[in-house]
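Whatever order the structure lists them in is the order used to number ligands and atoms, beginning at 1. A quick note: this is a predicted structure, and the numbers were derived from the prediction, not measured.
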Amino acid sequence: MAYHSVIVGCGSYLPARVVENQELAAKVDTSDEWIIERTGIRRRHIAAEGETTCDLAYAAASAALQNAGVKPEAIDLIVLATATPDHTFPATATQVQARLGLTHGAAFDVHAVCSGFIYALAVADNFLKAGQAKTALVIGAETFSRILDWKDRSTCVLFGDGAGAVLLERQDGAPDVRSQGVISTHLHSDGRYKDHLFVDGGPSSTQSTGYLRMAGKEVFKHAVTNLAGVVNEALSANNISAAEVDWVVPHQANQRILDATARKLQLDPGRVISTVANHANTSAASVPLALATAVGDGRIQRGQLLILEAMGGGFTWGAGLVRW
Ligand code: COA
């Protein structure tokens with residue numbers, strides 16, 4: 001029996017506290033103008049003291065379940081993408097599972113930093129296609145504020161906290177570009193570029209959490225090339241042109257990356273969902289946050305063709321073609 005998966009609901013959560021650019025300009029040598037001009041970012045949400053990735057993930061998951069009209073008991077797979085788990089172990093996914101009151105099925109984390117949601121979606125989609133699960137909760141959740149060096153102006157202005165989630169249901173029949181569902185996913189990684197974007201700590205190396213370090217210009221160049229490449233790969237794998245895509249739902253790292261990628265793909269920038277101004281780069285949470293925003297405000301409609309894409313530390317990058 002062939003199967004495919006359908007996204008039946010989505011949801012998101014942002015912590016209550018909003019930090020505007022001006023507030024950062026009072027702490028490090030930066031300005032609202034510089035941040036907006038170089039990144040498009042205006043504000044970010046920061047988790048409250050004691051509020052963890054699991055809390056954010058649970059809130060987004062609950063919103064997605066409500067949006068889908070599905071009871072938690074239906075879930076038999078939870079895949080959670082994060083680079084900022086509550087603990088080294090157990091996986092944050094298992095804590096979300098417990099919070100949802102579930103003791104059946106499987107829950108685990110995937111770690112692909114800013115590409116994490118695309119990786120998690122691909123994993124869950126493949127589990128459903130293989131017949132190994134029926135209803136999957138896919139979450140991207142991060143508290144990057146905890147791994148930022150708040151004295152480093154070149155990184156601390158770029159990131160925020162948040163979470164987004166989708167609910168996938170298995171349906172009969174192979175994926176088809178004309179029918180609702182996840183049509184294909186495409187994943188890549190290249191470990192040679194670790195030093196361009198990494199955290200300088202970890203349990204096995206320094207026994208500390210560490211801080212995010214980044215060579216911004218290098219990341220920028222690779223991001224545009226890799227993202228345009230993987231979007232083209234997804235289009236040609238399905239024999240469709242960029243003109244047939246209704247919405248691009250990209251990882252929200254920087255407005256200039258969104259614009260440059262759209263230019264390279266000759267895509268109308270009006271069809272690229274952008275939410276980076278309001279929540280900065282939330283890593284694995286950014287694609288489902290953008291998706292939930294555009295579904296919520298009515299831009300994304302059932303039946304439309306979406307391309308989801310992201311790039312992150314590793315490097316990792318990927319794309320998913322979805323008929324909403
Ligand atoms: N405020 C003011 N000035 C800043 C600053 C800030 N927050 N951060 C850096 N600068 C300064 C630099 O020190 C540098 O000063 P100098 O010329 O005196 O040395 C100058 O601005 C230019 O820095 P540069 O790094 O060349 O700027 P840029 O145009 O490349 O923009 C980024 C910097 C980080 C915004 C940009 O490289 C970027 O967005 N890269 C991708 C990052 C990303 O999205 N990563 C996550 C991917 S998942």
Side-chain angles (χ1 to χ4, degrees), residues 19-44 81-84 111-120 140 142 144-145 147-162 164 187-191 193-200 211-231 249-264 272 274-277 279-290 308-319:
V19 174
E20 302 283 346
N21 289 345
Q22 285 91 342
E23 193 177 329
L24 293 181
K27 291 184 184 143
V28 288
D29 183 14
T30 189
S31 67
D32 185 35
E33 297 72 37
W34 192 95
I35 301 171
I36 292 174
E37 192 201 310
R38 302 291 178 116
T39 72
I41 295 165
R42 292 173 184 273
R43 57 191 65 88
R44 70 284 296 137
T82 191
T84 46
H111 191 337
V113 205
C114 298
S115 314
F117 182 78
I118 304 290
Y119 268 66
E142 304 277 16
F144 259 50
S145 62
I147 55 163
L148 294 176
D149 175 353
W150 288 98
K151 292 189 198 77
D152 175 10
R153 68 176 181 175
S154 71
T155 53
C156 76
V157 303
L158 302 175
F159 296 90
D161 301 335
L187 303 180
H188 293 274
S189 61
D190 186 342
Y193 300 104
K194 175 218 148 204
D195 290 343
H196 289 339
L197 180 52
F198 69 109
V199 168
D200 63 3
Y211 292 110
L212 183 149
R213 305 294 175 204
M214 181 172 70
K217 259 197 193 342
E218 295 304 319
V219 176
F220 194 110
K221 273 187 273 176
H222 283 278
V224 176
T225 306
N226 291 343
L227 289 171
V230 77
V231 167
V249 188
H251 169 49
Q252 309 286 318
N254 180 323
Q255 188 60 44
R256 281 162 58 218
I257 295 180
L258 303 192
D259 295 342
T261 309
R263 260 198 314 276
K264 205 169 167 108
V272 179
S274 174
T275 53
V276 68
H279 58 64
N281 183 346
T282 57
S283 186
S286 90
V287 170
L289 266 166
L308 282 45
E309 47 94 322
M311 143 102 190
F315 290 140
T316 54
W317 65 104

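Taking a 6.0 Å sphere around CZ of R213, one finds it holds more than 12 heavy atoms contributed by other residues, nucleotides or ligands. With a 6.0 Å radius and a threshold of 12 heavy atoms from other residues, nucleotides or ligands, F198 has its CZ atom above the threshold.
Close contacts between ligand 1 and N281 involve ligand atoms 46 (C), 48 (S) [criterion: under 4.0 Å to a heavy atom]. For ligand 1, the atoms closer than 4.0 angstrom to any heavy atom of M311 are 48 (S). With ligand atoms numbered from 1 in the order given, ligand 1 contributes 48 (S) to contacts under 4.0 Å with heavy atoms of C114. Of all the atoms in ligand 1, the ones that sit under 4.0 Å from a non-hydrogen atom of K217 are 24 (P), 26 (O), 28 (P), 29 (O), 30 (O), 37 (O). Close contacts between ligand 1 and A253 involve ligand atoms 44 (O) [criterion: under 4.0 Å to a heavy atom]. Those atoms of ligand 1 that come under 4.0 Å of a heavy atom in R256, given as number and element, are 29 (O), 31 (O). Residue-ligand proximity, V219 to ligand 1, at heavy-atom distances under 4.0 Å covers atoms 45 (N), 47 (C). Numbered from 1 in the order shown, with element, the atoms of ligand 1 that lie under 4.0 Å from a heavy atom of S154 read 8 (N).
Distance remark: protein heavy atom not present below 4.0 angstrom from atom 16 (P) of ligand 1. The protein reaches atom 3 (N) of ligand 1 closely, with a heavy atom under 4.0 angstrom from it. Less than 4.0 angstrom separates atom 6 (C) of ligand 1 from at least one non-hydrogen atom of the protein. Contact annotation for atom 25 (O) of ligand 1: protein absent (non-hydrogen atoms, distance under 4.0 Å).
A donor-acceptor pair under 3.5 Å is absent between the side-chain atoms of W150 and the main chain of L24, judged by distance alone. Between the side chain of R153 and the main chain of D29, a donor-acceptor pair closer than 3.5 Å is present. S286 places no side-chain N or O within donor-acceptor distance of the main-chain N or O of T282, the cut-off being under 3.5 Å. The backbone N or O of T316 sits less than 3.5 Å from a side-chain atom of S115, completing a donor-acceptor pair. Put simply, the side chain of E218 never gets that close to the backbone of G216: no donor and acceptor are under 3.5 Å apart. At least one donor-acceptor pair closer than 3.5 Å links the side chain of N21 to the backbone N or O of I41. E309 places no side-chain N or O within 3.5 Å of a backbone atom of A319 that could act as its donor or acceptor partner. Judged purely by atom type and a 3.5 angstrom limit, N254 uses its side chain to pair as donor or acceptor with the backbone of R38.
The protein non-hydrogen atom at the shortest distance from atom 35 (C) of ligand 1 is T39 CG2, 3.7 Å. The shortest contact between atom 29 (O) of ligand 1 and any protein heavy atom is with R38 NH1, 2.7 Å. At the shortest separation from atom 41 (C) of ligand 1 among protein heavy atoms lies G216 O, 3.5 Å. Shortest contact from atom 33 (C) of ligand 1 to any protein heavy atom: W34 CH2, 3.9 Å.
You'll find the side chain of L158 stays beyond 4.5 Å of the side chain of R44, heavy atoms only. V113 has its side chain out of reach of F315: every pair of non-hydrogen atoms, C-beta onward, lies at least 4.5 Å apart.
Here V157 has side-chain heavy atoms under 4.0 Å from ligand 1, and that is the only part of it that gets that close. Contacts between T155 and ligand 1 below 4.0 angstrom, taking non-hydrogen atoms only, are absent altogether.
Atom CG of residue D32 and atom CZ of residue R43 lie 9.0 Å apart, to the nearest 0.5 angstrom.
Relative to atom 45 (N) of ligand 1, the option among H196, R153, M214 with the closest non-hydrogen atom is M214.
Residue T30 has at least one N or O atom closer than 3.5 Å to an N or O atom of ligand 1. Taking any N or O of G312, backbone or side chain, none lies under 3.5 Å from an N or O belonging to ligand 1. For ligand 1, the polar-atom distance check finds an N/O of N254 within less than 3.5 Å of one of the ligand's N/O atoms.
Assignment of I35 to the shell around ligand 1 is not supported, since no heavy atom sits closer than 4.0 Å.
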